[in-house]
Amino acid sequence: MSDMSYPKGEKVCIIYVNTSGEEQLVMTEKDMHTSFTLWEREENAWKKLGRAKTPTELEDEHDVLSRLRKRDSLIPTGKPMGFA
C-alpha cells in the first residue's frame, strides 16, 4: 500500500509496481466502470496522466509497460559503477 494518499473521490482498481514493489502508477475509477483515470507517482503526489473508457485504452495510450521499465532502470542495482 502506498505511503501517499490516493486521489480523493477515486476508487483504486489497478496498482502498477516496479520490481522493487514500489507503487509507480495507479488506475482509478470514479463510478462503476464508466471511466478510468491513470495516475503516475511523482515525488510525493499523484500526477493525472489521462482518462478513458477502458483500462486497456489507457495502458496503450500511455505505454504503461515502457513507463515501468524506464522507472526500473533508475533503481540502483547495488553494483558500483566506474570501478574495475
Undergrad: What's the separation between atom OG1 in Thr54 and atom CD in Glu61, rounded to the nearest 0.5 Å?
TA: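 Answer for the OG1-CD pair, Thr54 versus Glu61, is 10.0 Å.
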
Undergrad: Starting from the C-alpha separation in whole Å, work towards a yes-or-no answer on side-chain contact (heavy atoms from CB on, under 4.5 Å) for Gln24 and Val17.
TA: CA-CA 5 Å; Gln24 301 300 308; Val17 298; 5.9 Å; no

Undergrad: What's the separation between atom OG1 in Thr28 and atom OH in Tyr6, rounded to the nearest 0.5 Å?
TA: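 Taking OG1 in Thr28 and OH in Tyr6, the distance rounds to 11.0 Å.
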
Undergrad: Could you state the interatomic distance from OG1 (Thr37) to CG (Leu49), rounded to the nearest 0.5 Å?
TA: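 Rounded to the nearest 0.5 Å, the OG1-CG separation comes to 10.0 Å.
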
Undergrad: Atom OG1 of Thr19 and atom CZ of Arg69: how far apart are they, to the nearest 0.5 Å?
TA: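 Result: 12.0 Å between the selected atoms.
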
Undergrad: First locate atom CG of Leu58, then atom CZ of Arg51, and finally report the distance between them rounded to the nearest 0.5 Å.
TA: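 These two atoms lie 9.0 Å from each other.
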
Undergrad: Is there a continuous path of hydrophobic side-chain contacts, each under 4.5 Å between heavy atoms, that joins Trp39 to Ile15?
TA: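 Both belong to a single hydrophobic cluster.
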
Undergrad: Kindly determine whether Cys13 and Glu29 satisfy side-chain contact (heavy atoms from CB on, under 4.5 Å), including the steps that lead there.
TA: CA-CA 7 Å; Cys13 52; Glu29 60 181 333; 4.3 Å; yes

Undergrad: Quick check: do Glu59 and Met27 have side-chain heavy atoms less than 4.5 Å from each other?
TA: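 Contact flag for Glu59/Met27 side chains = yes.
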
Undergrad: Where is the tightest heavy-atom contact between Glu23 and Arg41, given as atom of each residue plus distance?
TA: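 For Glu23 versus Arg41, the nearest heavy atoms are O-CD, 3.2 Å.
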
Undergrad: So which heavy atom on Gly50 is nearest to which on His62, and how close?
TA: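 Scanning both residues, the minimum pair turns out to be CA-NE2, 3.8 Å.
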
Undergrad: State which residues pass salt bridge (charged side-chain N to carboxylate O under 4.0 Å, His left out) with Lys30; sequence neighbours excluded, sorted by chain then number.
TA: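 Counting only residues at least two positions away or on another chain, Lys30 forms a salt bridge (charged side-chain N to carboxylate O under 4.0 Å, His left out) with Glu10.
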
Undergrad: Among residues at least two apart in sequence or on other chains, which ones pass salt bridge (charged side-chain N to carboxylate O under 4.0 Å, His left out) with Lys47?
TA: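 Glu42.
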
Undergrad: Using the test ring-ring contact (aromatic ring centres under 6.0 Å, His included), find all partners of Tyr16 that sit at least two apart in sequence or belong to another chain.
TA: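 Checked Tyr16 against ring-ring contact (aromatic ring centres under 6.0 Å, His included); zero matches.
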
Undergrad: For a quick test of reading the model, state the closest non-hydrogen atom pair linking Trp46 to Val26 and the distance between them.
TA: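 That closest heavy-atom pairing would be CH2-CG1, 3.8 Å.
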
